[in-house]
Amino acid sequence: MEQLDGVRALITGSTSGLGLAMARGLADGGARVVITGRSTERAREIAADVPGAIGVGLDTRNEAQVEEVVAALCRDLGGIDLLVNNAGIGMRTVNPAFVTHPQGFWEVPAEAFRDVVDTNLSGYFLVARTVVPRMLEAGSGRVVNVSMNHSTMNRRGFVPYGPSRAGAEALSRIMAADLGDTPIRVNILLPGGITATGMLDDVELPESAHVLPAEIMQEPIRWLASPEAADVHDERIVAVGFPAWLEEHRASRGSAL
């Protein structure tokens with residue numbers, strides 16, 4: 001396991017699901033993890049069970065709150081080394097029967113559309129635009145934006161979730177391009193399939209569906225926070241295929257030396 005002592009990691013939407021799994025994985029490696037959620041009480045409660053973690057209330061849609069929380073964290077921790085943009089809400093909040101009874105985009109309430117996009121896309125932007133200038137000032141930092149399979153972005157009945165995640169992935173690519181000549185590294189990480197998170201609560205899945213554990217994200221996020229990944233930039237890493245990807249990456253690095 002990568003040794004991450006001294007790494008200060010802010011993970012949005014980390015009181016459950018992928019975010020909590022990544023928080024636990026980073027903490028197991030020795031990182032100082034900030035667990036966030038819209039409820040301060042819930043974030044603190046969850047953080048109490050993660051070694052060395054602190055819990056903070058953070059609504060990533062709220063620009064003023066994002067600035068206030070990031071400023072306080074940088075003051076108290078001395079900075080942020082790793083930002084994991086993960087906070088998101090799924091189709092269940094728009095259409096609880098989205099798997100068995102997909103609805104047309106014209107049936108989606110405008111307010112529900114805005115809420116998903118504000119969380120899954122605008123939230124990534126607001127947190128990154130607040131954290132990255134501080135990373136630039138410090139001369140180092142890493143951003144990992146959590147995404148999903150491209151097929152899900154285009155799936156019937158997946159408005160607004162699909163477009164929100166497609167937008168976040170495009171945002172990540174542009175962030176990487178904008179930061180290409182700086183010390184800040186930006187990468188995309190996704191599970192690679194249906195994953196056991198709260199987004200599936202009360203959702204009826206086909207019997208043939210293979211559900212990945214949220215812990216599938218732990219090994220790649222630990223590696224992305226490690227010294228070995230210091231120069232990795234603008235990569236799209238699929239967690240389910242991470243061991244093979246890492247082997248190929250190491251082989252290509254070795255052949256280039």
Side-chain angles (χ1 to χ4, degrees), residues 1-14 17-36 47 50-54 70 73-74 77-87 124 127-128 131-132 134-147 169 172-173 175-177 179-192 195 212-257:
M1 181 184 296
E2 289 78 14
Q3 293 304 305
L4 306 177
D5 295 342
V7 173
R8 299 157 297 188
L10 168 61
I11 310 174
T12 67
S14 46
L18 300 182
L20 180 55
M22 288 187 286
R24 292 190 185 281
L26 290 167
D28 286 345
R32 183 76 186 278
V33 177
V34 180
I35 289 176
T36 73
V50 179
I54 59 175
V70 169
L73 288 173
C74 288
L77 301 179
I80 296 171
D81 304 299
L82 170 66
L83 165 63
V84 182
N85 269 321
N86 168 77
Y124 278 28
V127 180
V131 171
V132 167
R134 291 169 167 87
M135 290 179 169
L136 288 169
E137 185 176 351
S140 66
R142 304 181 197 183
V143 179
V144 176
N145 295 313
V146 173
S147 187
E169 187 152 318
S172 184
R173 293 297 196 188
M175 286 170 57
L179 292 166
D181 58 355
T182 78
I184 314 305
R185 306 293 82 187
V186 180
N187 293 285
I188 296 170
L189 177 62
L190 60 147
T195 315
L212 300 170
E215 289 73 21
I216 194 87
M217 301 285 274
Q218 290 182 337
E219 185 180 357
I221 195 61
R222 280 196 298 260
W223 184 80
L224 283 168
S226 73
E228 186 180 359
D231 295 327
V232 175
H233 186 61
D234 199 19
E235 293 284 352
R236 186 177 192 269
I237 298 174
V238 183
V240 73
F242 176 67
W245 181 92
L246 183 57
E247 182 178 355
E248 183 178 342
H249 170 76
R250 286 171 172 167
S252 65
R253 287 290 298 269
S255 63
L257 296 177

Inset, instruction - Might you confirm whether atom CD of Glu248 has over 12 heavy atoms from other residues, nucleotides or ligands at distances under 6.0 Å? - result: no
Inset, instruction - Could you tell me which non-hydrogen atom of Ile216 sits nearest to which non-hydrogen atom of Pro191, and how far apart they are? - result: CG2-CB, 4.2 Å
Inset, instruction - Let me see the working for Val131 and Val143 under side-chain contact (heavy atoms from CB on, under 4.5 Å), right down to the final yes or no. - result: CA-CA 9 Å; Val131 171; Val143 179; 5.9 Å; no
Legend entry - Interatomic distance, Glu219 atom CD to Ile237 atom CD1 [nearest 0.5 angstrom]: 11.0 Å
Inset, instruction - Give, for atom CZ of Arg236 and atom CG of Asn145, the distance between the pair rounded to the nearest 0.5 Å. - result: 12.0 Å
Legend entry - Pair Asp234 + Arg173: basic N to acidic O under 4.0 Å: yes
Inset, instruction - Could you check Met135 against Ile80 for side-chain contact (heavy atoms from CB on, under 4.5 Å), going step by step and ending with a plain yes or no? - result: CA-CA 7 Å; Met135 290 179 169; Ile80 296 171; 4.2 Å; yes
Legend entry - Ile11: which of Asn85, Leu26, Thr36, Leu18 passes side-chain contact (heavy atoms from CB on, under 4.5 Å): Leu26
Inset, instruction - Mind listing the closest non-hydrogen atom pair of Val144 and Leu224 along with its distance? - result: CG2-CD1, 4.0 Å
Inset, instruction - Tell me, please, which residues at least two apart from Arg24 pass side chain to side chain donor-acceptor pair (under 3.5 Å). - result: none
Inset, instruction - Calculate, to the nearest 0.5 Å, the distance between atoms CG and CD1 belonging to Leu136 and Ile184 respectively. - result: 4.5 Å
Inset, instruction - Could I get the full list of salt bridge (charged side-chain N to carboxylate O under 4.0 Å, His left out) partners for Arg32, not counting sequence neighbours? - result: none
Inset, instruction - Keeping the roles fixed (side chain from Arg222, backbone from Gly29), state whether a donor-acceptor pair exists under 3.5 Å. - result: no
Inset, instruction - Indicate the atoms forming the closest heavy-atom contact of Asp81 with Gly6, along with that distance. - result: OD2-O, 3.4 Å
Legend entry - Ser226 side chain to Trp223 backbone, donor-acceptor under 3.5 Å: yes
Legend entry - side-chain contact (heavy atoms from CB on, under 4.5 Å) evaluation trace for Val132 with Leu83: CA-CA 9 Å; Val132 167; Leu83 165 63; 5.6 Å; no
Inset, instruction - Would you confirm whether Gln218, through its side chain, and Ala21, through its main-chain N or O, come within 3.5 Å as a donor-acceptor pair? - result: yes
Inset, instruction - Spell out, as yes or no, whether a donor-acceptor pair under 3.5 Å connects the side chain of Thr12 to the backbone of Asn86. - result: yes
Legend entry - Residue pair Pro51 / Ala27: nearest heavy atoms and the distance that separates them: O-CB, 3.6 Å
Legend entry - Straight-line distance of Ile35 CD1 to Leu10 CG, nearest 0.5 Å: 11.0 Å
Legend entry - Test log, rule side-chain contact (heavy atoms from CB on, under 4.5 Å), inputs Val34 and Leu77: CA-CA 10 Å; Val34 180; Leu77 301 179; 3.7 Å; yes
Legend entry - For Glu228, the option from Arg253, His249, Arg250 that meets side-chain hydrogen bond (donor to acceptor under 3.5 Å, both in side chains): Arg250
Legend entry - Ser147 (side chain) donor-acceptor with Leu189 (main chain) under 3.5 angstrom: no
Legend entry - Main-chain N/O of Val146 paired to Tyr124 side chain as donor or acceptor, under 3.5 Å: yes
Inset, instruction - With the side chain counted from C-beta on, respond yes when His233 and Val186 share a heavy-atom pair under 4.5 Å apart, and no when they do not. - result: yes
Legend entry - salt bridge (charged side-chain N to carboxylate O under 4.0 Å, His left out) involving Glu235 - partner list, sequence neighbours excluded: none
Legend entry - Shortest non-hydrogen separation from Met22 to Val84 and the atoms involved: CE-CG1, 3.8 Å
Legend entry - Shortest non-hydrogen separation from Gly180 to Arg185 and the atoms involved: O-NH2, 3.5 Å
